[in-house]
Amino acid sequence: EAQVTQNPRYLITVTGKKLTVTCSQNMNHEYMSWYRQDPGLGLRQIYYSMNVEVTDKGDVPEGYKVSRKEKRNFPLILESPSPNQTSLYFCASSLWGSDTQYFGPGTRLTVL
Amino acid sequence: RKEVEQDPGPFNVPEGATVAFNCTYSNSASQSFFWYRQDCRKEPKLLMSVYSSGNEDGRFTAQLNRASQYISLLIRDSKLSDSATYLCVVNRKDTGNQFYFGTGTSLTVIP
């Protein structure tokens with residue numbers, strides 16, 4: 001089944017404790033992206049990647065890191081999480097030239 | 001100024017009604033346009049792309065007006081299952097390949 005998976009789905013952590021949210025897709029998509037969704041603000045793009053070893057900042061990259069070492073994986077790293085990073089995070093992927101994005105199920109992160 | 005603006009609603013309509021959602025975008029360099037549907041904090045799913053000539057998919061019709069930088073979605077004969085949040089999405093490639101989402105318009109279809 002074609003899909004985007006994210007892990008973990010739910011995470012409660014404390015300020016400053018490094019964490020990684022994984023994202024994997026099995027559709028051989030070139031483009032992958034991370035978003036956060038907050039009430040009243042909608043989805044905002046954090047980082048995106050147009051292919052392996054190519055990453056670019058979105059609208060809200062501060063406090064986040066990403067890497068794209070393999071085509072299928074695009075982990076989101078929070079080196080020192082803070083409470084303002086409490087949010088619902090979505091990973092998405094799309095085929096180059098399509099622009100139709102397929103989203104993962106979301107990761108609900110709470111930083112205390 | 002926000003890249004994409006939508007009326008948040010909520011829209012509460014009876015079954016069978018026709019409802020229209022509007023969206024404006026601020027940057028004329030925007031290239032691709034979409035409507036996504038999101039159910040209760042689940043992942044967004046593509047409803048339809050929006051083409052310059054307008055396009056229809058069953059009960060759903062999308063229109064794009066590049067001159068006014070305006071996108072619309074019309075839902076005819078509303079069903080209970082149409083209750084969701086509808087997200088207007090714009091893609092720009094002048095600054096890379098970025099997507100901008102509106103905050104969404106909430107629709108509830110009432111029996």
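Just so we're clear, the structure is a prediction, and the values are computed from it rather than from any experiment. Numbered from 1 within each chain, the chains take letters A, B, ... in sequence-line order.
Within a 6.0 Å sphere centred on OH of Tyr51(B), other residues, nucleotides and ligands contribute 12 heavy atoms or fewer. Within a 6.0 Å sphere centred on NZ of Lys42(B), other residues, nucleotides and ligands contribute 12 heavy atoms or fewer. Within a 6.0 Å radius of NZ in Lys93(B), more than 12 heavy atoms belonging to other residues, nucleotides or ligands are found. Within 6.0 Å of CG on Leu41(A) lie more than 12 heavy atoms contributed by other residues, nucleotides or ligands.
Between the Tyr35(A) side chain and the Phe99(B) main chain, no donor and acceptor come within less than 3.5 Å of each other.
Looking at Gln31(B), neither its backbone nor its side chain comes within 4.5 Å of chain A, counting heavy atoms on both sides. Residue Tyr102(A): no heavy atom, backbone or side chain, is found under 4.5 Å from chain B. Within the 4.5 angstrom heavy-atom criterion, no atom of Arg44(A) approaches chain B. Only the side chain of Asn91(B) comes within contact range of chain A, with heavy atoms under 4.5 Å apart. Looking at Phe34(B), the atoms closer than 4.5 Å to chain A (heavy atoms on both sides) all sit in the side chain, from C-beta outward. Contacts of Leu88(A) with chain B are made by side-chain atoms alone, with heavy-atom separations under 4.5 Å and no backbone atom involved. Heavy atoms of Lys45(B) lying under 4.5 Å from chain A are absent altogether.
Heavy-atom pairs under 4.5 Å with chain A peak, among Pro44(B), Gly102(B), Pro8(B), at Pro44(B). The candidate with the highest count of non-hydrogen atom pairs below 4.5 Å against chain A, out of Asn97(B), Val4(B), Thr103(B), Val89(B), is Asn97(B). Most heavy-atom pairs under 4.5 Å with chain B, from the set Asp56(A), Asp59(A), Asp38(A): that is Asp59(A).
In the hydrophobic clustering of ILVMFWY residues, with side-chain heavy atoms under 4.5 Å counting as a link, Val19(B) and Met48(B) come out together. A continuous path of hydrophobic side-chain contacts links Leu19(A) to Phe74(A) [ILVMFWY only; heavy atoms under 4.5 Å]. Residue Ile75(B) is grouped with residue Leu64(B) when hydrophobic side chains (ILVMFWY) are merged at heavy-atom distances under 4.5 angstrom, including chains of intermediate members. A chain of hydrophobic side-chain contacts below 4.5 Å, direct or via other Ile, Leu, Val, Met, Phe, Trp or Tyr residues, connects Tyr64(A) to Val66(A). At a threshold of 4.5 Å between side-chain heavy atoms, the hydrophobic network of Ile, Leu, Val, Met, Phe, Trp and Tyr places Leu87(B) and Val4(A) in two separate groups.
Here the closest non-hydrogen pair linking Phe103(A) and Glu43(B) is CB-CB, 3.7 Å.
Aromatic rings from Phe101(B) and Phe90(A) are positioned such that their centres are separated by 6.0 Å or more.
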